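Following: one structure in structure tokens, then a few remarks.
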There are 8 protein chains.
Amino acid sequence: MAIPFSKQRLSPEDSALILIDHQSGIMQLVHDYPPAEFRNNVLALAKLGKAHDLPTVLTTSYDEGPNGPLIPELRAMYPDAPLIRRPGQISAWDNEDFVAAVRATGRKKLIMAGVTTDVCLAFPAMQAAEEGFTVYAVVDASGANDTATQQMAVQRMSAAGVIPVNWIVVAAELQRDWRLPSAPKTGEIFHQHLHNYGMLIDNFAAQQAARAQ
Amino acid sequence: MAIPFSKQRLSPEDSALILIDHQSGIMQLVHDYPPAEFRNNVLALAKLGKAHDLPTVLTTSYDEGPNGPLIPELRAMYPDAPLIRRPGQISAWDNEDFVAAVRATGRKKLIMAGVTTDVCLAFPAMQAAEEGFTVYAVVDASGANDTATQQMAVQRMSAAGVIPVNWIVVAAELQRDWRLPSAPKTGEIFHQHLHNYGMLIDNFAAQQAARAQ
Amino acid sequence: MAIPFSKQRLSPEDSALILIDHQSGIMQLVHDYPPAEFRNNVLALAKLGKAHDLPTVLTTSYDEGPNGPLIPELRAMYPDAPLIRRPGQISAWDNEDFVAAVRATGRKKLIMAGVTTDVCLAFPAMQAAEEGFTVYAVVDASGANDTATQQMAVQRMSAAGVIPVNWIVVAAELQRDWRLPSAPKTGEIFHQHLHNYGMLIDNFAAQQAARAQ
Amino acid sequence: MAIPFSKQRLSPEDSALILIDHQSGIMQLVHDYPPAEFRNNVLALAKLGKAHDLPTVLTTSYDEGPNGPLIPELRAMYPDAPLIRRPGQISAWDNEDFVAAVRATGRKKLIMAGVTTDVCLAFPAMQAAEEGFTVYAVVDASGANDTATQQMAVQRMSAAGVIPVNWIVVAAELQRDWRLPSAPKTGEIFHQHLHNYGMLIDNFAAQQAARAQ
Amino acid sequence: MAIPFSKQRLSPEDSALILIDHQSGIMQLVHDYPPAEFRNNVLALAKLGKAHDLPTVLTTSYDEGPNGPLIPELRAMYPDAPLIRRPGQISAWDNEDFVAAVRATGRKKLIMAGVTTDVCLAFPAMQAAEEGFTVYAVVDASGANDTATQQMAVQRMSAAGVIPVNWIVVAAELQRDWRLPSAPKTGEIFHQHLHNYGMLIDNFAAQQAARAQ
Amino acid sequence: MAIPFSKQRLSPEDSALILIDHQSGIMQLVHDYPPAEFRNNVLALAKLGKAHDLPTVLTTSYDEGPNGPLIPELRAMYPDAPLIRRPGQISAWDNEDFVAAVRATGRKKLIMAGVTTDVCLAFPAMQAAEEGFTVYAVVDASGANDTATQQMAVQRMSAAGVIPVNWIVVAAELQRDWRLPSAPKTGEIFHQHLHNYGMLIDNFAAQQAARAQ
Amino acid sequence: MAIPFSKQRLSPEDSALILIDHQSGIMQLVHDYPPAEFRNNVLALAKLGKAHDLPTVLTTSYDEGPNGPLIPELRAMYPDAPLIRRPGQISAWDNEDFVAAVRATGRKKLIMAGVTTDVCLAFPAMQAAEEGFTVYAVVDASGANDTATQQMAVQRMSAAGVIPVNWIVVAAELQRDWRLPSAPKTGEIFHQHLHNYGMLIDNFAAQQAARAQ
Amino acid sequence: MAIPFSKQRLSPEDSALILIDHQSGIMQLVHDYPPAEFRNNVLALAKLGKAHDLPTVLTTSYDEGPNGPLIPELRAMYPDAPLIRRPGQISAWDNEDFVAAVRATGRKKLIMAGVTTDVCLAFPAMQAAEEGFTVYAVVDASGANDTATQQMAVQRMSAAGVIPVNWIVVAAELQRDWRLPSAPKTGEIFHQHLHNYGMLIDNFAAQQAARAQ
């Protein structure tokens with residue numbers, strides 16, 4: 001069932017970013033990552049889409065109610081992206097407007113994250129895979145009630161042909177070669193969100209500056 | 001081997017709830033979830049069956065002996081459900097009355113939980129899958145001696161075509177759309193058993209009340 | 001600095017229950033206990049106060065804002081208890097009305113829980129201890145951002161003469177002897193919230209019933 | 001690749017027990033289970049073989065050297081079982097005498113445990129599966145250097161058609177029905193090695209005794 | 001407050017063993033040690049008392065009810081030790097017969113274990129310390145609902161002058177010198193319950209045997 | 001030894017912020033917090049100093065060598081703070097210029113963080129406490145090689161009169177009352193670094209906006 | 001998809017060792033193994049290649065920049081191995097020189113380790129598997145940002161036909177029989193890097209020496 | 001009870017190194033650190049003694065029996081140090097020769113490590129402290145049966161005036177200032193045993209080399 005890696009791997013030209021239910025209410029349910037780490041991962045993934053100009057689709061679930069609005073950081077980054085405000089469907093893929101927006105991106109590879117992992121990510125990820133999309137489920141920019149739930153969702157999605165990854169994999173596949181023009185943007189995202197790498201950059205820069213004197 | 005999600009997913013019309021050996025003795029063996037969390041999950045799953053009027057089958061193993069009686073909370077919720085009191089079979093599926101009761105529900109999708117996960121859940125779950133049922137094994141409303149045991153049972157059931165999930169997935173698949181009539185009941189279960197969601201509801205309600213003044 | 005146990009130990013006649021900032025917003029910050037376990041502990045502690053008719057003081061912090069209202073379960077249990085709605089003070093002990101309400105209970109032993117453990121519980125607990133109260137800080141009915149934070153708060157409170165405990169200790173000190181009249185109420189709380197004990201009771205009752213036949 | 005459960009499941013008539021390298025030296029390498037728990041599991045598994053009169057094969061690796069002798073508990077339980085003392089082969093299946101001894105049992109279902117899990121268990125387990133045996137790898141009566149190693153070994157064995165389980169699963173499949181004559185022996189093993197179950201038995205027996213008076 | 005080690009340390013002549021509420025019901029509540037490890041520790045501690053002929057006091061709490069009888073392993077080891085069956089007092093030290101039995105041992109150093117750690121062990125341990133006994137609380141032969149509870153109980157007992165230890169410390173203090181006559185008995189207990197040490201002994205014995213040939 | 005809380009507690013008027021060795025090299029040694037969480041905590045603490053205009057002292061250890069430069073985020077926030085670049089002293093308190101800079105703040109309460117916790121934080125923290133300063137050691141904005149190291153450092157500092165806390169405690173003590181003018185700055189820091197609280201704010205703001213319509 | 005074990009297993013004659021990006025900068029990103037354990041594993045794997053004279057290929061990614069140079073321990077061990085210094089490709093398999101160097105080894109079984117596991121190891125491992133190589137991914141001599149990332153990478157590689165293992169498995173497959181001439185070298189590596197085994201050897205040697213006297 | 005830091009802190013002139021029971025048998029009992037990490041820490045501590053020419057005392061317990069010989073790495077490093085081979089005393093401090101050897105060092109500050117932490121380290125550490133020595137117990141170069149045992153031993157030693165630390169603290173106190181002549185030796189130990197720091201050095205050296213070209 002596994003798609004060969006050569007067919008899986010993302011490029012900015014054939015991928016779209018799909019962010020599902022990153023709402024200020026629902027995100028309170030996330031307990032498989034420490035809060036600061038979870039926020040870090042969500043922002044990093046969103047910035048990657050920006051850095052590579054990926055067509056992006058946003059969706060929320062009953063955002064006028066307890067689930068809360070899309071977090072403002074994402075709205076500010078993607079003011080013009082379609083935002084499908086679902087009136088009731090739990091799986092975004094059950095909403096025709098959402099599916100239409102995804103199809104309208106024209107991309108066949110979907111980078112998906114959603115809260116919660118087992119429901120809001122897993123359901124549409126499996127449905128999209130069933131319809132022929134290559135789906136990367138970004139598990140660490142999604143979130144679940146506990147670790148066992150995350151692991152069962154990973155296993156279930158894998159069995160359905162979805163490819164569970166962490167956001168750094170997405171960064172690496174999209175960048176592919178550090179000589180490509182997006183490198184500074186990727187580097188900046190690493191500086192802010194993969195800080196051990198950022199500190200390598202800082203340390204190196206300091207040496208370069210010393211050398212230049 | 002994976003069943004496509006579109007074929008897997010539950011609806012209240014095609015699902016039955018099967019609760020195996022939730023007895024006051026056997027449940028003492030559960031050490032992969034903290035006690036309060038385990039009880040929470042079992043009650044939540046049972047209430048979901050109630051909320052959606054699922055045909056339900058209960059079974060116990062030698063409940064006059066050390067295994068103890070079915071916990072009264074479940075009996076009280078399902079006074080009229082068939083309760084198959086197995087005289088000795090470890091796997092409920094080896095008991096003809098149990099299989100007959102399951103078949104009598106007329107449903108082909110089974111939501112199963114059992115204590116312990118590796119034995120009382122895994123054996124009948126794999127047997128039911130082998131006979132053509134779509135089986136959801138609700139791992140967090142089941143329980144095992146330790147985490148490694150849980151993980152091996154999840155892996156073994158998956159390999160046999162069973163779909164291991166947590167109770168929230170069951171809730172989400174049965175509800176499917178928050179506009180359906182079962183929403184208040186699902187909401188109430190979330191309030192009591194997925195308390196972080198319940199608190200979102202409370203917080204929202206308080207705002208609504210303030211707004212109404 | 002340690003108070004001898006004979007002086008520490010609680011009795012229903014000399015204790016008051018103080019619940020601080022159990023609000024539907026703030027409680028979302030708790031990540032040192034799984035959500036279902038945390039809710040379980042908070043309700044158990046509140047019911048203990050009820051079972052022993054402890055004078056009880058409730059307080060909230062800016063409950064019309066993001067912190068959210070007192071969770072309705074507590075308000076319903078204590079409709080007549082003083083609820084000090086603090087306008088801004090982070091430590092409840094900085095609020096004169098709160099201190100007055102505590103003093104008005106006439107009790108010198110305080111059973112305190114608060115969210116979060118390191119701030120909303122630890123500050124007033126240390127202040128009360130400094131003023132001569134014997135203070136039990138119920139850590140598992142309080143909650144913190146992570147485990148290290150909980151442990152540092154426990155250590156800090158201990159150094160200040162506060163006695164960090166879990167809710168079961170409170171139950172046991174208040175009950176002291178199972179022949180006292182409060183036993184059925186304590187037993188019922190154990191049945192619901194210390195379920196492994198509850199199952200012992202169920203199992204025993206089933207045996208007794210069988211014996212009686 | 002998954003064998004249906006109905007084909008997998010063990011019975012005392014078609015199973016053999018294979019214990020690999022449970023030597024007093026090598027067992028010092030086990031760090032994925034606490035020492036007391038590991039010893040408990042090994043003895044429990046060995047007693048199950050005894051209880052069901054399973055043909056048993058023992059093997060050791062260079063037991064005159066640093067690896068140490070077979071632990072005396074196992075030798076005492078199985079004084080007459082073939083003990084293949086391998087002169088050098090790391091995988092027992094590379095030793096012709098061992099394979100002959102396994103074949104001489106006449107059984108096609110092998111219950112295997114070995115120290116270490118990733119090497120001494122996994123290699124012969126995968127080789128036996130490749131030759132058509134149904135192989136249960138008893139992971140908790142085996143042992144590895146760390147948890148990640150255990151998990152990778154479980155995954156690798158599963159991919160090769162081996163069925164990783166814990167010893168309680170073996171007990172349950174061999175017993176199958178508590179009305180079968182082996183029940184008292186299984187119960188005794190549970191009493192000693194699955195002590196939470198043993199305590200249920202004790203508690204029940206006390207009630208029965210009280211009832212009899 | 002710390003007692004100097006030279007005053008603390010145990011010897012068989014000045015110590016008594018106090019085992020509190022190791023009953024087949026209550027022991028089901030233990031979740032801070034895996035079940036097999038907990039049983040291992042309790043039996044090891046009991047055997048140490050036997051090996052050194054320590055005066056021993058047993059006590060149970062309402063053992064005709066849900067708490068269950070003293071586990072038979074302990075009763076069998078200490079058929080003649082006083083067993084104080086408390087009718088209702090939660091703290092054994094609140095029972096005069098128990099205190100009298102402890103005093104009757106004539107020892108001023110008490111090796112105490114009890115289930116649960118935070119209540120049945122901590123209360124009498126602190127009371128005994130307050131009355132001038134040197135008290136070793138054997139935490140790993142006691143048991144609690146979770147790890148945080150264990151840690152708070154350890155901290156509370158320490159603050160009250162109790163000395164929390166593990167059973168191996170008790171073994172080492174009682175043995176003190178491997179040339180003393182109790183060495184074979186201590187060695188046998190280590191073989192069965194500190195199995196990594198037992199395997200060192202087996203390995204050494206095998207070498208000795210080889211040498212003797 | 002414990003200072004009463006009323007004497008401990010910080011206010012912006014009597015506190016200084018001391019940041020030790022947050023260098024792009026040394027920070028690679030931190031393994032007791034996940035990287036993203038550690039960075040989050042360091043930045044939050046630094047912003048708190050800014051929000052309350054605390055006098056701040058920075059120091060680095062051989063920052064032209066492998067230890068690397070002060071991370072640029074801190075330098076940018078505190079361009080005018082004294083930066084003591086130590087030529088070799090491991091404990092900053094062994095450097096006279098550093099001590100002079102600390103004294104020059106005129107404050108007697110020091111909020112200290114340093115990498116690593118056990119050395120660069122613990123040594124000067126204990127020295128400052130010995131000289132009469134009230135010292136808060138901000139453990140989660142410091143970092144150690146592993147958790148056991150962190151815990152031993154916390155215990156050692158506590159024994160020396162230092163008060164180990166997390167950054168949220170610092171925030172709460174400095175803010176003290178949400179009606180004080182620094183509230184919006186504290187709120188903004190919480191929004192970015194205690195994101196579960198930030199989401200409460202967002203959720204509330206959305207409700208307010210809806211109400212206003 | 002699984003290759004039978006008989007086809008998988010390594011021998012020194014048909015295997016090559018591929019070490020990817022073990023650079024002094026990138027290795028700072030590893031947080032799924034404690035630092036000392038990670039270093040231990042990397043050196044052990046490298047020594048195994050040496051012990052069995054495996055053709056070895058080294059590669060680095062932009063080693064003049066922040067990623068840092070190949071760690072000197074590896075360069076010193078393999079002064080003559082091809083070192084492909086990639087100018088920008090993230091996946092080594094995207095670099096033609098690297099693939100050529102791998103092919104030039106003439107081996108079809110590749111023992112690969114890389115930092116980080118999810119990117120620098122997983123990408124080329126999956127690409128090599130796709131081109132027909134048998135690939136062992138040595139996960140514990142590679143390293144990732146956290147444990148969940150490691151587990152997802154293991155699962156992804158497995159699905160693509162790669163075989164994730166730990167370094168001890170590599171040692172055991174290469175040695176295969178302790179009577180082969182490489183045994184002393186393997187033994188020496190175990191002594192230094194699988195120290196519990198090394199201590200068995202020391203203990204045995206001491207006995208032998210005593211025996212010889 | 002706490003000794004002020006200014007009095008505690010080590011210098012090479014006033015310290016001795018005491019290594020207790022690092023024997024190839026007893027070290028098999030260590031389960032609170034992964035094996036490779038434990039070995040790393042023991043060797044690092046021993047090298048520190050060497051680097052600073054500390055007078056060193058070695059001792060073993062019945063090293064001709066199952067406990068095994070002193071590990072050869074330590075003997076090779078300290079061929080001339082007194083090695084007190086205790087015939088039976090469990091606490092080294094009960095052996096007069098050992099105490100005499102310690103006193104003969106003329107030092108009043110003792111850096112002690114021992115296996116196991118709770119017995120072989122804790123007993124003599126507490127005895128030495130009682131006799132007026134300043135004792136640093138190096139917990140991560142010692143080892144225990146499990147983490148709870150380590151933590152109780154740390155707490156007990158602390159209460160007795162011993163100072164539990166990790167080996168890096170010892171390194172930092174002995175070095176004190178990187179401009180002192182021992183710096184290269186300390187640096188080399190860090191390179192081998194605190195590898196994240198070693199890699200900083202490598203990275204820096206590479207930069208320096210590039211700069212020099």
Side-chain angles (χ1 to χ4, degrees), chain D residues 1-2 21 23-32 61-68 86-95 115-132 135 143-162, chain G residues 1-9 32-34 37 41 117 136-140 144 147 150-151 154-155 157-159 161-180 183 186-187 190-191 193-208:
Chain D
M1 181 169 28
D21 298 354
Q23 297 167 249
S24 60
I26 299 180
M27 285 172 67
Q28 300 285 8
L29 305 185
V30 175
H31 280 252
D32 58 340
S61 163
Y62 188 37
D63 60 18
E64 292 184 340
N67 294 347
R86 307 194 313 278
Q89 302 94 341
I90 290 179
S91 171
W93 207 264
D94 290 346
N95 179 298
V115 183
T116 62
T117 310
D118 47 322
V119 171
C120 305
L121 170 62
F123 293 1
M126 294 189 288
Q127 288 172 296
E130 192 174 340
E131 299 202 11
V135 183
N145 192 52
D146 61 17
T147 300
T149 295
Q150 181 201 102
Q151 291 175 339
M152 285 190 286
V154 164
Q155 182 145 352
R156 187 183 189 192
M157 289 191 286
S158 296
V162 174
Chain G
M1 179 171 29
I3 315 158
F5 179 67
S6 61
K7 293 288 190 302
Q8 286 178 17
R9 68 192 311 195
D32 57 341
Y33 286 97
E37 198 171 338
N41 297 347
T117 310
Y136 278 56
V138 190
V139 171
D140 62 352
T147 300
Q150 182 201 103
Q151 292 175 340
V154 164
Q155 183 145 351
M157 289 191 286
S158 296
V162 174
I163 302 158
V165 295
N166 48 311
W167 73 264
I168 302 172
V169 163
V170 173
E173 295 200 16
L174 289 174
Q175 184 58 46
R176 190 172 300 208
D177 192 314
W178 284 106
R179 295 167 299 183
L180 294 175
T186 301
F190 276 15
H191 194 284
H193 296 286
L194 180 61
H195 193 215
N196 288 41
Y197 199 83
M199 293 191 295
L200 293 176
I201 296 173
D202 290 342
N203 218 343
F204 180 71
Q207 294 294 333
Q208 293 297 95

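Naming: A, B, ... by sequence-line order, numbering from 1 per chain. If you're wondering where the values come from, they're calculated on a predicted model, not measured in any experiment.
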Query raised in the report: Passes side chain to side chain contact (heavy atoms under 4.5 Å, CB included), G:V169 versus D:M152? Steps please.
Result: CA-CA 11 Å; G:V169 163; D:M152 285 190 286; over 6 Å; no

Requested in this report: Please test D:T116 against G:I168 for side chain to side chain contact (heavy atoms under 4.5 Å, CB included), starting from the C-alpha separation and ending with a verdict.
Outcome: CA-CA 10 Å; D:T116 62; G:I168 302 172; 5.5 Å; no

Query raised in the report: Where do G:Q150 and D:Q151 land on the side chain to side chain contact (heavy atoms under 4.5 Å, CB included) test, with the steps shown first?
Result: CA-CA 11 Å; G:Q150 182 201 103; D:Q151 291 175 339; 5.8 Å; no

Requested in this report: Applying side chain to side chain contact (heavy atoms under 4.5 Å, CB included), run through G:Q175 and D:V119 and close with a yes or a no.
Outcome: CA-CA 12 Å; G:Q175 184 58 46; D:V119 171; over 6 Å; no

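Counting heavy atoms from C-beta outward, D:R156 and G:F5 have side chains that approach closer than 4.5 Å.
Once rounded to the nearest 0.5 Å, the distance linking OH of G:Y197 with CG of D:N67 reads 3.5 Å. In this structure, the separation between OH on D:Y62 and CZ on G:F204 is 4.5 Å, given to the nearest 0.5 Å. With values rounded to the nearest 0.5 angstrom, G:H195 atom NE2 is found 13.0 Å from D:Q28 atom CD.
Counted by atom type alone, G:N166 and D:N145 present zero donor-acceptor pairs between their side chains at under 3.5 Å.
Heavy-atom pairs under 4.5 Å with chain G were tallied for D:A148, D:P66, D:G25; the largest tally goes to D:P66.
With a 4.5 Å cut-off on non-hydrogen atoms, D:D94 touches chain G through its side chain but not through its backbone.
Residues passing the salt bridge (charged side-chain N to carboxylate O under 4.0 Å, His left out) test with D:D63, sequence neighbours excluded: D:R85. When the salt bridge (charged side-chain N to carboxylate O under 4.0 Å, His left out) test is applied to G:R176, no partner is found at least two apart in sequence or on another chain.
Sorted by first and then second residue, the salt bridge (Lys or Arg N to Asp or Glu O under 4.0 Å) pairs with a member in residues 195-208 of chain G form an empty list; sequence neighbours excluded.
Taking non-hydrogen atoms and a 4.5 Å limit, the residue list of residues 122-131 of chain D in contact with chain G, ordered by number, reads D:F123, D:M126, D:Q127, D:E130.
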